[in-house]
S.K.: 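So that we are looking at the same thing, I have put the structure below in structure tokens.
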Amino acid sequence: MNRTPGPIGIFDSGYGGLTILHGIRQLLPEYDYIYLGDNARAPYGSRSFEVVYQFTRQAVLKLFERGCHLVILGCNTASAKALRSIQERVLPEIGSDRRVLGIIRPTVEVLGDLTQSRHVGVLATEGTIRSNSYSLEVAKFHPDIKVSGVACPLWAAIVEANEADSPGADYFVKKRIDQLLRKDPLIDTIILGCTHYPLLMNSIVRHVPPGVRIVPQGQYVAESLNSYLQRHNEIDRLCTKGGTCQYLTTESEDKFRESAQIFLHESVNVKHVDLD
Ligand code: DGL
């Protein structure tokens, strides 16, 4: 068993997980991180369970190969469709010193404190909505909360194409928010259940009525990771603390560098990797 400490891995289909990485680095800047974006195969949102599982498995194995002991699936679609299978099928073969965590539960856990009306909306990819993961988790933690979800098929693709601030993006953002609020007008809290969506925030805030809270996940995932590392000293010891961040993409390095700079407001050191 390899017990050489390494960075924390963060994986997403593309740029969305950068919003999770950002939240985590704000709270836990002392750790080392490797971010992996499967930009060449994004978006994952409309892909089948089997394909999302296979792609996520390849990404997690790549991050393990790069020395990570702890990997966060900074992607709701992968958390909804692949996390359980990875934990049950992949980890037992790899060794007990590796962990993979998702981001749906940390978001759901805090919901009870955020909603007054107990009516919550979820905007997410088709895959996440179809999996019913949010409704099932909310039913476990807060059975009194009613959840309504709407799939936003084009939103992640708009972000990947770097069109987040275009009039076209605004049209599709309004369309889905209106659809959600028509479904349940008592909603007072909207979870952005796809890590790409905070990158559309300029447009989202224009169309969400005052008094309705918009919940991006970065901060809550970061708080949950912090508490996990405090409770699991054996894993914390396997995470190096040098304050660095490396980036891997399955697409071109130049394309990733350019887009990531827009989202993160800093230049990034990125390397191309192949996953298959
Ligand atoms: N960012 C991802 C999520 O949180 C996936 C978006 C996509 O690839 O469709 O669901």
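Any value given below was found using the heavy atoms of this structure, including those in side chains, with hydrogens, waters and symmetry copies removed. We count ligands from 1, going down the list as the structure has it; atoms in each ligand are counted the same way.
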S.K.: For F263, which residues count as a ring-ring contact (aromatic ring centres under 6.0 Å, His included) partner, sequence neighbours excluded?
M.R.: Y15
S.K.: Decide whether Q54 and E50 meet the rule of one side-chain donor and one side-chain acceptor closer than 3.5 Å.
M.R.: yes
S.K.: Count the heavy atoms belonging to other residues, nucleotides or ligands that lie under 6.0 Å from CD of Q116, then report whether that count exceeds 12.
M.R.: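 No, CD of Q116 has 12 or fewer neighbouring heavy atoms, counting only those of other groups under 6.0 Å.
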S.K.: Hey, which of K175, R206, R176 is the one that makes salt bridge (charged side-chain N to carboxylate O under 4.0 Å, His left out) with D170?
M.R.: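 Option passing the salt bridge (charged side-chain N to carboxylate O under 4.0 Å, His left out) with D170: R206.
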S.K.: Just grab all the salt bridge (charged side-chain N to carboxylate O under 4.0 Å, His left out) pairs involving residues 67-78, residues at least two apart or on different chains.
M.R.: none
S.K.: Listing request: all salt bridge (charged side-chain N to carboxylate O under 4.0 Å, His left out) pairs with a residue in residues 56-78, at least two apart in sequence or in separate chains.
M.R.: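 Matches after skipping sequence neighbours: K62-E65.
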S.K.: Within the protein, flag every N or O under 3.5 Å from an N or O of ligand 1, and note the pair and distance.
M.R.:
{"residue": "ligand 1", "atom": "1 (N)", "partner": "D12", "partner atom": "OD1", "Å": "3.0"}
{"residue": "ligand 1", "atom": "1 (N)", "partner": "T195", "partner atom": "OG1", "Å": "2.8"}
{"residue": "ligand 1", "atom": "1 (N)", "partner": "H196", "partner atom": "ND1", "Å": "2.7"}
{"residue": "ligand 1", "atom": "4 (O)", "partner": "N76", "partner atom": "N", "Å": "2.8"}
{"residue": "ligand 1", "atom": "4 (O)", "partner": "N76", "partner atom": "ND2", "Å": "3.1"}
{"residue": "ligand 1", "atom": "4 (O)", "partner": "T195", "partner atom": "N", "Å": "2.8"}
{"residue": "ligand 1", "atom": "4 (O)", "partner": "T195", "partner atom": "OG1", "Å": "3.3"}
{"residue": "ligand 1", "atom": "8 (O)", "partner": "S13", "partner atom": "OG", "Å": "2.6"}
{"residue": "ligand 1", "atom": "8 (O)", "partner": "Y44", "partner atom": "N", "Å": "2.6"}
{"residue": "ligand 1", "atom": "9 (O)", "partner": "Y44", "partner atom": "N", "Å": "3.3"}
{"residue": "ligand 1", "atom": "9 (O)", "partner": "G45", "partner atom": "N", "Å": "2.8"}
{"residue": "ligand 1", "atom": "10 (O)", "partner": "N76", "partner atom": "N", "Å": "3.4"}
{"residue": "ligand 1", "atom": "10 (O)", "partner": "T77", "partner atom": "N", "Å": "3.1"}
{"residue": "ligand 1", "atom": "10 (O)", "partner": "T77", "partner atom": "OG1", "Å": "2.7"}

